[in-house]
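These values consider heavy atoms only, across backbone and side chains, with no hydrogens, waters or symmetry-generated copies.
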Amino acid sequence: MEISCSFPPRPDVVDLARLAEDLGYKRVWIYDSPAFYGDVWITLARIAEHTRRVEIGPAVLVPSLRHVATQAAAIASLVELAPKRVVVALGSGFTGRMALGKKALRWSFVETYIRQLKALLRGETVEVDGAAVKLLHPPGFSAPFPIDVPIIAAANGPKGLAVAQELGDGVMCVGNPQPGFKRCSLLAFGTVLDPDEAADSERAFAAAGPALSAAYHGIYEAGGESVDNFPGGAEWRARLEALPSRTRHLALHEGHLVYVNERDRPLLNGDMLRALTWTGTREEVRQRVELAAGQGATEILYAPMGPDVARELREFATAAGL
């Protein structure tokens with residue numbers, strides 16, 4: 001089992017990446033959601049220049065945010081900075097699109113994009129929007145072609161999983177591991193509780209509450225009224241839907257995986273924090289890691305949050321046995 005971590009682009013991301021490297025995390029993944037955070041590729045380049053061993057990559061790239069040649073050129077540039085350390089995860093888009101007022105992409109679009117991206121990284125010519133496209137980088141201007149980096153598809157539903165099986169070098173998923181993949185990266189959110197600490201402590205809410213509110217956001221985006229089946233969901237949805245529809249998506253995801261906004265604060269609940277995140281004692285988190293491994297996960301991708309991310313990284317590393 002590989003233990004990795006993920007962050008949004010943030011001012012202290014280089015320090016956190018270096019700490020993760022020192023603690024033994026396998027990879028550092030960086031979010032791609034420009035409505036909320038700075039640029040993923042600039043952030044990865046900064047990390048590449050200040051680390052030596054840890055693997056790095058974006059999770060999860062959203063195809064519609066960049067022309068496929070732009071994406072391929074960014075990958076080529078990062079590989080030049082960090083040879084043999086680059087990995088890429090790519091999917092249909094959550095907040096990377098929804099915070100822009102758009103729904104997730106069709107998987108047929110993602111499939112075509114992955115095919116084009118792989119071909120460009122091999123140095124081939126592909127047709128994009130009716131035109132021939134090729135990376136014409138002169139020797140020495142980026143990593144030499146062909147560029148071989150693992151491209152992992154972030155998917156949970158049947159269409160995405162089919163694309164991951166055919167084109168991906170693995171799958172990245174949330175909730176439960178997906179069977180049938182040699183490489184399965186499972187996202188994990190939550191906090192390791194201090195001895196005798198309750199899951200409804202203010203520290204736990206600050207450290208893992210953003211993950212709980214993001215779960216409600218995801219449930220709402222997927223099914224609207226289905227969020228009413230969760231504690232406080234109906235009242236929360238009513239407050240949200242009282243906002244103007246034109247700008248509602250901006251309010252919905254405010255603070256994504258960083259802080260809990262005022263509209264979401266009533267959702268904080270210790271029992272739900274335990275149920276929907278990996279919040280628990282060191283022993284409970286260790287058991288979750290072992291269970292995930294038994295179900296087919298090959299990598300845990302831990303996303304620490306809150307006011308003391310360094311503490312979260314250290315505690316999770318200890319619980320996971322690094």
Side-chain angles (χ1 to χ4, degrees), residues 1-9 13-32 39-61 63 66 68-91 113-124 126 134-154 164 166-173 181-187 293 297-303 313 317 320 322:
M1 172 68 78
E2 297 171 338
I3 306 298
S4 300
C5 58
S6 64
F7 313 109
V13 71
V14 169
D15 291 337
L16 293 174
R18 293 177 68 177
L19 174 61
E21 182 175 66
D22 291 342
L23 290 171
Y25 283 87
K26 177 69 174 179
R27 297 180 188 88
V28 171
W29 297 91
I30 300 297
Y31 308 159
D32 182 24
D39 184 75
V40 62
W41 291 113
I42 291 175
T43 302
L44 286 164
R46 292 177 60 214
I47 294 172
E49 292 180 331
H50 291 88
T51 55
R52 294 177 295 115
R53 300 182 308 276
V54 70
E55 295 182 14
I56 57 176
V60 175
L61 291 178
R66 300 172 193 85
V68 67
T70 303
Q71 205 84 276
I75 294 171
S77 298
L78 189 62
V79 169
E80 182 184 27
L81 290 174
K84 299 181 180 179
R85 291 202 287 143
V86 177
V87 288
V88 172
L90 190 149
Y113 193 94
I114 293 175
R115 291 185 188 278
Q116 293 169 340
L117 180 63
K118 286 192 164 190
L120 289 171
L121 292 174
R122 290 193 297 265
E124 299 172 5
V126 297
K134 182 179 182 179
L135 294 186
L136 301 172
H137 301 177
F141 277 64
S142 69
F145 302 105
I147 297 171
D148 183 22
V149 298
I151 295 180
I152 298 168
E166 181 179 1
L167 297 177
D169 296 299
V171 67
M172 183 175 288
C173 50
F181 290 88
K182 291 182 179 180
R183 182 171 187 167
C184 175
S185 303
L186 179 66
L187 277 65
T298 61
E299 177 186 23
I300 300 298
L301 200 167
Y302 175 55
L313 280 174
L322 291 183

A.B. asks: Minimum heavy-atom separation for Ile147 and Ala76, please, with both atom names.
C.D. replies: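 Answer, listing the atom of Ile147 first, then Ala76: CD1-CB, 3.4 Å.
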A.B. asks: Given 3.5 Å as the limit, does a donor-acceptor pair link the side chain of Tyr25 with the main chain of Glu55, or not?
C.D. replies: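 No, Tyr25 side chain to Glu55 backbone: no donor-acceptor pair under 3.5 Å.
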A.B. asks: As a test of understanding, state which of Ile30, Leu44, Leu90, Val86 forms a side chain to side chain contact (heavy atoms under 4.5 Å, CB included) with Pro58.
C.D. replies: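 The passing option is Leu44.
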A.B. asks: Where is the tightest heavy-atom contact between Ile56 and Ala82, given as atom of each residue plus distance?
C.D. replies: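 Distance-wise, the nearest heavy atoms are CD1-CB, 4.1 Å.
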A.B. asks: Could you walk me through whether Arg183 and Glu2 satisfy the salt bridge (Lys or Arg N to Asp or Glu O under 4.0 Å) test, starting with their C-alpha distance in whole Å, then the side-chain angles of each, then the deciding distance to 0.1 Å, before giving a yes or no?
C.D. replies: CA-CA 10 Å; Arg183 182 171 187 167; Glu2 297 171 338; 5.1 Å; no
A.B. asks: Answer yes or no: is there a donor N or O on one side and an acceptor on the other, between the side chain of Arg85 and the main chain of Ala48, under 3.5 Å?
C.D. replies: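 Yes: the side chain of Arg85 pairs with the backbone of Ala48.
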A.B. asks: Can you name the one residue among Val149, Ile151, Asp148 that meets side chain to side chain contact (heavy atoms under 4.5 Å, CB included) with Lys118?
C.D. replies: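 With Lys118 as partner, Val149, Ile151, Asp148 yield a single side chain to side chain contact (heavy atoms under 4.5 Å, CB included), made by Ile151.
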A.B. asks: Show the nearest heavy-atom pair for residues Tyr31 and Ala303, with the distance to one decimal.
C.D. replies: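 The answer is OH-CB, 3.3 Å.
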A.B. asks: When you measure from the side chain of Glu21 to the backbone of Arg52, do you find a donor-acceptor pair of N or O atoms at a distance under 3.5 Å?
C.D. replies: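 A pair under 3.5 Å: yes.
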A.B. asks: Sort out for me which residue in Val68, Val126, Leu167, Leu61 forms a side chain to side chain contact (heavy atoms under 4.5 Å, CB included) with Leu117.
C.D. replies: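 Of Val68, Val126, Leu167, Leu61, side chain to side chain contact (heavy atoms under 4.5 Å, CB included) with Leu117 is met by Val68 alone.
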A.B. asks: Output the distance between atom CD1 (Ile300) and atom CG (Leu187), rounded to the nearest 0.5 Å.
C.D. replies: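 It is 9.5 Å, given to the nearest 0.5 Å.
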A.B. asks: For Val14 and His50, work out which heavy atoms get closest and say how close.
C.D. replies: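 Shortest heavy-atom contact: CG1-CB, 3.6 Å.
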A.B. asks: Rounded at 0.5 Å granularity, tell me how far CH2 in Trp29 sits from CE in Met172.
C.D. replies: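 It is 4.0 Å, given to the nearest 0.5 Å.
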A.B. asks: Rounded to the nearest 0.5 Å, what separation is found between the CE atom of Met1 and the NZ atom of Lys26?
C.D. replies: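 Rounded to the nearest 0.5 Å, the CE-NZ separation comes out at 14.0 Å.
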A.B. asks: Return the minimal non-hydrogen interatomic distance between Leu313 and Cys5, and the atom names on each side.
C.D. replies: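 Answer, listing the atom of Leu313 first, then Cys5: CD2-CB, 3.9 Å.
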A.B. asks: Please check this pair: side chain of Thr70 against backbone of Arg66, looking for a donor-acceptor N/O pair closer than 3.5 Å.
C.D. replies: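 Side chain of Thr70 to backbone of Arg66: no pair is present.
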A.B. asks: Would you please say whether a donor-acceptor pair under 3.5 Å links the side chains of Ser185 and Arg27?
C.D. replies: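 Judged by distance alone, the side chains do not pair up.
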A.B. asks: Answer yes or no: is there a side-chain heavy-atom contact under 4.5 Å between Leu186 and Glu299?
C.D. replies: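 The answer is no, as the side chains (C-beta and beyond) never meet within the 4.5 Å cut-off.
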A.B. asks: Examine the side chains of Glu80 and Ser142 and answer whether a donor and an acceptor come within less than 3.5 Å of each other.
C.D. replies: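 Per modelled atom types, Glu80 and Ser142 side chains form no pair under 3.5 Å.
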A.B. asks: Below 4.5 Å, heavy atoms only, C-beta onward: do Thr51 and Val54 meet side chain to side chain?
C.D. replies: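 Side chain of Thr51 against side chain of Val54, heavy atoms only: contact under 4.5 Å found.
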A.B. asks: Drop me the distance from Lys182's NZ to Thr298's OG1, to the nearest 0.5 angstrom.
C.D. replies: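 Spacing of NZ (Lys182) from OG1 (Thr298) equals 12.0 Å.
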A.B. asks: Taking the side chain from Glu124 and the backbone from Lys134, do they hold a donor-acceptor pair closer than 3.5 Å?
C.D. replies: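 Checked: no pair found.
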A.B. asks: Enter the distance from Phe181:CZ to Cys173:SG here, rounded to the nearest 0.5 Å.
C.D. replies: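 Phe181 atom CZ to Cys173 atom SG measures 8.5 Å (nearest 0.5 Å).
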A.B. asks: Indicate the atoms forming the closest heavy-atom contact of Pro150 with Asp169, along with that distance.
C.D. replies: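 Smallest interatomic distance, heavy atoms only, reads CA-OD2, 3.4 Å.
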A.B. asks: Working to the nearest 0.5 Å, report the span between CD1 of Ile75 and CG of Leu120.
C.D. replies: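 It is 9.5 Å, given to the nearest 0.5 Å.
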